[in-house]
Chemist: 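Sharing a structure with you now.
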Amino acid sequence: MIKIFNNSSELTVAFCDELLNLCNMKQNIFISLSGGDTPKMILKSLAEDYKNKIDWKKCNFFWGDERCVPLDDKQSNYGMTKDLLLNHIDIPQENIHRIKGEQEPEQEAARYSRELLNFVPLKNNLPNFDLMILGIGEDGHTASIFPDQMQLLHSEKICEVTLKPDTNQKRISLTGKVINNADRIIFLAVGDRKSKIIKAILEGDTKSKTKYPAANIHPVSGSLYFYIDKAAAKYLTKSKIIL
Ligand code: 6PG
């Protein structure tokens, strides 16, 4: 389902309300968070406007990917989430399951895989997230599955070490099978710079699946949502759209 919002503020409210609804429906909710800039507006709103609306003890936070950088590096997805949200809400420390970007990548990918198998309920013998939040790069990557690493979409592993192509930065990412095993996947994309890739993924031809990892995200039994603003949706013509 594609939801188009007038602006990022309206998208933020809709997303936060959706999370609130999910938390009201379940005693325990397992969420995989995204990195990058797009989620920042949501994290800030959750900390400011939903701080006392959501029972954070129900939330179990994990990450879809992490940069292999020290904890205090400004590129750390966990560090960003901690600064914008975790430091401001009443959430038990044991509910926060970060990828330790400062550790040796291969060892950490194996450790995090074990942590996911130990703490996240399983479906199809894979971690089954209630909510998987994803961003989309202009090159069509999602999590840290980049176009030159499409094999990670079908990896038998839970997590893999990847390289961001333009910087060779090491990253740890969930693999496609775990991502697609979620009950609800929400892509977030705002701004003009995402309009071409949104068009390619939502209305592209069959080549899109061979070029863009994000075009291969289809929950095996869950639901898929795109939360985008009008700027990111400006080239869409055919998609069934909910404003
Ligand atoms: C990361 C993310 C990555 C991100 C996209 C979009 O660690 O960077 O997991 O997949 O979601 O690159 O990033 P922006 O939101 O900054 O455009």
Side-chain angles (χ1 to χ4, degrees), residues 19 28-40 42-43 46-47 56 59-87 89 91-122 126-137 141-146 149 151-182 184-188 213-214 217:
L19 179 61
N28 234 344
I29 179 167
F30 294 82
I31 302 166
S32 175
L33 297 168
S34 169
D37 293 331
T38 305
K40 289 179 177 175
I42 286 171
L43 297 172
L46 288 172
W56 298 103
C59 295
N60 300 276
F61 285 137
F62 298 78
W63 277 262
D65 66 329
E66 183 58 278
R67 293 85 179 273
C68 295
V69 295
L71 201 52
D72 58 358
D73 188 301
K74 65 177 178 11
Q75 293 195 70
S76 167
N77 288 336
Y78 165 74
M80 180 255 292
T81 311
K82 187 173 184 298
D83 290 346
L84 297 179
L85 176 63
L86 302 178
N87 284 345
I89 58 174
I91 184 167
Q93 193 55 36
E94 61 268 21
N95 288 29
I96 299 166
H97 302 264
R98 74 179 182 95
I99 301 171
K100 297 175 181 174
E102 72 278 13
Q103 300 292 333
E104 194 285 319
E106 291 294 346
Q107 288 175 17
E108 178 55 17
R111 185 202 68 80
Y112 200 64
S113 300
R114 291 193 297 273
E115 182 157 347
L116 289 169
L117 290 168
N118 286 335
F119 286 95
V120 182
L122 301 183
L126 290 168
N128 170 225
F129 284 100
D130 295 289
L131 176 59
M132 174 73 57
I133 305 167
L134 295 172
I136 302 180
H141 79 262
T142 192
S144 280
I145 302 177
F146 295 95
Q149 295 141 38
Q151 71 280 7
L152 298 184
L153 291 164
H154 312 291
S155 168
E156 290 303 317
K157 292 184 178 178
I158 303 284
C159 297
E160 294 248 27
V161 177
T162 83
L163 279 181
K164 187 170 187 294
D166 55 342
T167 61
N168 265 341
Q169 181 188 60
K170 281 196 176 181
R171 297 205 177 171
I172 293 167
S173 181
L174 295 187
T175 56
K177 282 187 172 180
V178 176
I179 291 172
N180 283 326
N181 200 45
R184 184 185 297 253
I185 299 175
I186 297 183
F187 274 111
L188 303 173
I217 301 302

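Heads up: numbering here begins at 1 and tracks the sequence.
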Chemist: Rounded to the nearest 0.5 Å, what's the gap from CZ on Arg111 to CD on Gln103? Could you check?
Modeler: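 Between Arg111 CZ and Gln103 CD, I get 7.5 Å after rounding to 0.5 Å.
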Chemist: Report yes or no: does Asn128 contribute a side-chain atom to a donor-acceptor pair with the main-chain N or O of Asn181 at less than 3.5 Å?
Modeler: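 Yes, the answer is positive, given that a donor and an acceptor are paired below the 3.5 Å cut-off.
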Chemist: Give, for atom OH of Tyr112 and atom CD1 of Ile99, the distance between the pair rounded to the nearest 0.5 Å.
Modeler: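 Answer for the OH-CD1 pair, Tyr112 versus Ile99, is 4.5 Å.
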Chemist: Whether Glu156 and Lys177 form a salt bridge (side-chain N of Lys/Arg under 4.0 Å from carboxylate O of Asp/Glu) is what I want to check.
Modeler: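 A salt bridge links Lys177 with Glu156.
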Chemist: Between the main-chain N or O of Ile158 and the side-chain N or O of Thr175, is there a donor-acceptor pair closer than 3.5 Å?
Modeler: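 Such a contact is found between Thr175 side chain and Ile158 backbone.
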Chemist: Check whether any side-chain N or O of Ser32 sits under 3.5 Å from a backbone N or O of Gly64 as a donor-acceptor pair, and report yes or no.
Modeler: yes
Chemist: If you apply the rule side-chain contact (heavy atoms from CB on, under 4.5 Å), what do you find for Val120 with His97, and how did you get there?
Modeler: CA-CA 10 Å; Val120 182; His97 302 264; over 6 Å; no
Chemist: Indicate the atoms forming the closest heavy-atom contact of Asp73 with Gln75, along with that distance.
Modeler: OD1-N, 2.7 Å
Chemist: Which label fits Phe62 and Phe129: parallel for a plane angle under 30°, tilted from 30 to 60°, or perpendicular past 60°?
Modeler: perpendicular
Chemist: Check the pair Phe30, Leu116 against side-chain contact (heavy atoms from CB on, under 4.5 Å), reporting the backbone distance first and the verdict last.
Modeler: CA-CA 10 Å; Phe30 294 82; Leu116 289 169; over 6 Å; no
Chemist: Quick one: pull up CE in Met80 and CG in Leu84 and give me the separation to the nearest 0.5 Å.
Modeler: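 CG of Leu84 is found 6.5 Å from CE of Met80.
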Chemist: State, with a plain yes or no, whether a side-chain heavy atom of Gln93 is found less than 4.5 Å away from one of Ile96.
Modeler: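 With C-beta onward as the side chain, the pair touches.
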Chemist: Which value, rounded to the nearest 0.5 Å, describes the distance between Leu153 atom CG and Asn180 atom CG?
Modeler: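 Going from CG on Leu153 over to CG on Asn180, the span is 8.0 Å.
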Chemist: Which value, rounded to the nearest 0.5 Å, describes the distance between Cys159 atom SG and Glu66 atom CD?
Modeler: 11.5 Å
Chemist: How are the rings of Trp63 and Tyr78 set relative to one another: parallel (under 30°), tilted (30 to 60°) or perpendicular (over 60°)?
Modeler: perpendicular
Chemist: List the steps and the verdict of side-chain contact (heavy atoms from CB on, under 4.5 Å) for Ile179 and Ile185.
Modeler: CA-CA 8 Å; Ile179 291 172; Ile185 299 175; 4.2 Å; yes
Chemist: Contact between Thr162 and Lys170 at the side-chain level, heavy atoms closer than 4.5 Å - yes or no?
Modeler: no
Chemist: Checking Gln169 side chain against Arg67 main chain: does a donor-acceptor pair fall under 3.5 Å?
Modeler: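 No; zero donor-acceptor contacts below 3.5 Å.
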Chemist: As an exercise, state the distance from CZ of Arg98 to OG of Ser76, rounded to the nearest 0.5 Å.
Modeler: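 Going from the CZ atom of Arg98 to the OG atom of Ser76 covers 7.5 Å.
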Chemist: Restricting to non-hydrogen atoms, name the atom on Gly135 and the atom on Thr142 that form the minimum distance, rounded to 0.1 Å.
Modeler: O-OG1, 2.7 Å
Chemist: Taking the side chain as every heavy atom from C-beta outward, state whether Ile42 and Ile133 have any pair of such atoms under 4.5 Å apart.
Modeler: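 With C-beta onward as the side chain, the pair stays apart.
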Chemist: Is any side-chain heavy atom of Cys59 closer than 4.5 Å to a side-chain heavy atom of Asn95?
Modeler: no
Chemist: In the structure I gave you, are the side-chain heavy atoms of Ser34 and Leu188 within less than 4.5 Å of one another anywhere?
Modeler: no
Chemist: Using a 3.5 Å distance criterion without hydrogens, assess whether the side chain of Gln149 forms a donor-acceptor pair with backbone atoms of Leu152.
Modeler: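 No; judged by distance alone, with no hydrogens or angles, the pair does not exist.
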Chemist: Could you give me the CA-CA distance, side-chain angles and deciding distance for Val69 and Glu102, then say whether side-chain contact (heavy atoms from CB on, under 4.5 Å) is met?
Modeler: CA-CA 5 Å; Val69 295; Glu102 72 278 13; over 6 Å; no
Chemist: Answer yes or no: is there a side-chain heavy-atom contact under 4.5 Å between Leu46 and Trp56?
Modeler: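 A side-chain contact exists here, since the closest heavy-atom pair is under 4.5 Å.
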Chemist: Do Ser144 side-chain atoms and Ser173 backbone N/O form a donor-acceptor pair below 3.5 Å?
Modeler: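 No, because the side chain of Ser144 does not come within donor-acceptor range (under 3.5 Å) of the backbone of Ser173.
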Chemist: Going by heavy atoms in the side chains, are Leu134 and Ile186 under 4.5 Å from each other?
Modeler: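 Sidechains of Ile186 and Leu134: no contact.
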Chemist: Side-chain contact, heavy-atom cut-off 4.5 Å: Ile217 with Met132?
Modeler: no
Chemist: Could you point out which residue of Asp72, Asn87, Asn77 forms a side-chain hydrogen bond (donor to acceptor under 3.5 Å, both in side chains) with Lys82?
Modeler: Asn87
Chemist: Kindly give the heavy-atom pair with the smallest separation between Ala109 and Val161, and that separation in Å.
Modeler: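 Where Ala109 meets Val161 most closely, the heavy atoms are CB-CG2, 4.0 Å.
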